[in-house]
Trainee: 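So that we are looking at the same thing, I have put the structure below in structure tokens.
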There are 2 protein chains.
Amino acid sequence: MNPLFHELFQRTRFLNKEVNQTLKKHDLFASQWTVLFCIHQHTEMTLTEIWRYLNVEAPTITRTVSRLEELGWLITHEGKDRREKVVRLSVEAKDKFPEIEASIIEFENETLKGMSSEEQSLLMTLLKKLN
Amino acid sequence: MNPLFHELFQRTRFLNKEVNQTLKKHDLFASQWTVLFCIHQHTEMTLTEIWRYLNVEAPTITRTVSRLEELGWLITHEGKDRREKVVRLSVEAKDKFPEIEASIIEFENETLKGMSSEEQSLLMTLLKKLN
DNA sequence: CCCCTTTAATTACCTAGGTAACTATTTAAT
DNA sequence: ATTAAATAGTTACCTAGGTAATTAAAGGGG
């Protein structure tokens, strides 16, 4: 067992936990935030667009989106194709968005504080080589 | 949202999926293998030793260990302290271990094939700086 | 000795991911 | 126009992680 993989999995789990802590005050979980962020960027998206963009399977998005809708973060409506579901942020979600984003950015800066931007882009490059 | 985090989470999820594929022929999941490997290295471990070593929470290990016991991979017995549960590999698990390990090593080599060992240790160093 | 605290493990309940199988709609081919 | 294939989304069922609360045993102080 290569320690690199172990480190990678462990670090990621740890960071995810930290993001959850950061988002706790906004009553959100990390993956919910990821979906919100992604929809915010695109204004409106179908479920298929979301899961293709985020590189996860369809049922994951079905679940997260319906939970977010239940909680009042999202509004869904039918697209022209009657099979597809189009999603956008609710007014309250749009209102709260900047503050949540600020928390996330602060967390990210804190986490990356020990790394120069050269190191950051190097890390990015190396991650992309894993495959 | 820093793309570095996105990349990190996505890569890790993808790799985990691949490890699951690799382990499918041995009827194992990635996390189950991690626990087996860890116990194999230490011969015998208590649950607390396992979750502390792997840096996860106790309930996660309770679940994975009892599933592995159910499936015949592990044998548990009481320690001197009557609260603790000591775990070791079953005979069948020990038998199958080398073949499974070989699959994992092959997968790891395949995944790391595009990286020199300098790049690998650099990646390790950079991951450790995330914090 | 008794009570309080700590520790080991578990339980209940949640998010988050996956696969496989299904429904409903749309598209394409004959 | 009808039927077959593709696409969008969902459902059921699994692993995998987390937190909070609980039980049972071990230790420590008075």
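Note on naming: letters A, B, ... go to the chains in the order of the sequence lines (proteins, then strands), and numbering restarts at 1 for each one. Quantities reported herein were computed from a predicted structural model and do not represent experimental measurements.
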Trainee: Calculate the interatomic distance between B/D81 atom CG and D/dG27 atom C1'; express it in whole Å.
Mentor: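 In whole Å, D/dG27 C1' and B/D81 CG are 10 Å from each other.
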Trainee: Would you check, one step at a time, whether the test salt bridge (charged side-chain N to carboxylate O under 4.0 Å, His left out) holds for B/E57 with A/K17?
Mentor: CA-CA 11 Å; B/E57 301 299 321; A/K17 220 163 139 179; 2.8 Å; yes
Trainee: Let me know, please, whether A/I61 or B/I61 comes out on the 5' side of the other along DNA chain C by nearest nucleotide.
Mentor: B/I61
Trainee: Look at all strands and tell whether B/E57 reaches a base, only sugar-phosphate, or nothing, counting heavy atoms closer than 4.0 Å.
Mentor: base
Trainee: Out of D/dA25, D/dT15, C/dG18, which nucleotide sits closest to the side chain of B/R82?
Mentor: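 Of D/dA25, D/dT15, C/dG18, D/dA25 is nearest to the side chain of B/R82.
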Trainee: Measure CH2/B/W33 against P/D/dA16 and give the value in whole Å, please.
Mentor: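 From B/W33 CH2 to D/dA16 P: 14 Å.
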Trainee: When you measure only distances, ignoring hydrogens and angles, does the side chain of A/R83 come within 3.5 Å of the base of D/dT7 through a donor and an acceptor?
Mentor: yes
Trainee: Checking contacts here: which listed nucleotide (C/dT11, D/dT10, D/dG17) is nearest the side-chain heavy atoms of B/P59?
Mentor: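 Closest of the options to the side chain of B/P59: C/dT11.
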Trainee: As a test of reading the structure: which of D/dG18, C/dT19, C/dA16 is closest to the side chain of A/T64, going by heavy atoms?
Mentor: C/dA16
Trainee: Go through the structure and list residues passing side chain to side chain donor-acceptor pair (under 3.5 Å) with A/E101, not counting sequence neighbours.
Mentor: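 If we apply the side chain to side chain donor-acceptor pair (under 3.5 Å) test to A/E101, skipping adjacent residues, there are no hits.
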Trainee: Between atom CG in B/N20 and atom P in D/dG17, what is the gap in whole Å?
Mentor: 10 Å
Trainee: How would you list all residue pairs meeting ring pair (Phe, Tyr, Trp, His ring centres under 6.0 Å) that involve residues 82-116 of chain A, not counting sequence neighbours?
Mentor: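 Sorted pair list: A/W33-A/F97, A/H40-A/F97.
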Trainee: Round to a whole Å and report the spacing from CG of A/L28 to P of C/dA16.
Mentor: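 Computing the A/L28:CG to C/dA16:P distance gives 9 Å.
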Trainee: Has B/K94 got its NZ or CZ under 6.0 Å from the middle of the six-membered ring of B/W73, at an angle within 45 degrees of the ring axis?
Mentor: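 Negative - B/K94 is either too far from the ring of B/W73 or too far off its axis.
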Trainee: For a quick test of reading the model: is some side-chain N or O of A/T62 closer than 4.0 Å to OP1 or OP2 of D/dG9?
Mentor: no
Trainee: Establish whether the base of C/dG18 is bridged to the side chain of A/R63 by a donor-acceptor pair shorter than 3.5 Å.
Mentor: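 Yes, a donor-acceptor pair under 3.5 Å.
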Trainee: For A/F29 and B/R52, take the nucleotide of DNA chain C holding the closest heavy atom to each; which residue's nucleotide lies nearer the 5' end?
Mentor: B/R52
Trainee: Is there a salt bridge (charged side-chain N to carboxylate O under 4.0 Å, His left out) between A/K96 and A/E99? Walk through the geometry before answering.
Mentor: CA-CA 6 Å; A/K96 294 178 191 161; A/E99 200 186 336; over 6 Å; no
Trainee: For A/T48 and D/dG9, is the shortest distance between a side-chain N/O and OP1 or OP2 below 4.0 Å?
Mentor: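 So the side-chain polar atoms of A/T48 do come within 4.0 Å of the phosphate oxygens OP1 or OP2 of D/dG9, strictly under.
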Trainee: Starting at atom CG of B/L23, determine the distance to atom P of C/dT19, rounded to an integer number of angstrom.
Mentor: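 Roughly 14 Å, once rounded to whole Å.
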Trainee: Does A/Q21 or B/S31 map to a spot on DNA chain D nearer the 5' end, using the closest nucleotide for each?
Mentor: B/S31
Trainee: Write down the distance between CG (A/N55) and P (C/dA16), rounded to a whole number of angstrom.
Mentor: 17 Å
Trainee: Identify which nucleotide among D/dC13, D/dG17, D/dT10 has an atom closest to any side-chain atom of B/T60, counting heavy atoms from C-beta outward.
Mentor: D/dG17
Trainee: Would you compute the distance between atom CZ of A/R67 and atom OG1 of A/T64 and round it to the nearest 0.5 angstrom?
Mentor: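 With rounding to 0.5 Å, CZ (A/R67) is 10.5 Å from OG1 (A/T64).
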Trainee: Counting just side-chain N and O atoms, does A/K85 come under 4.0 Å of either OP1 or OP2 of D/dT10?
Mentor: yes
Trainee: B/E18 CD to C/dG17 P: how many Å, rounded?
Mentor: 17 Å
Trainee: In whole angstroms, how far is the P atom of C/dC14 from the NZ atom of A/K17?
Mentor: 20 Å
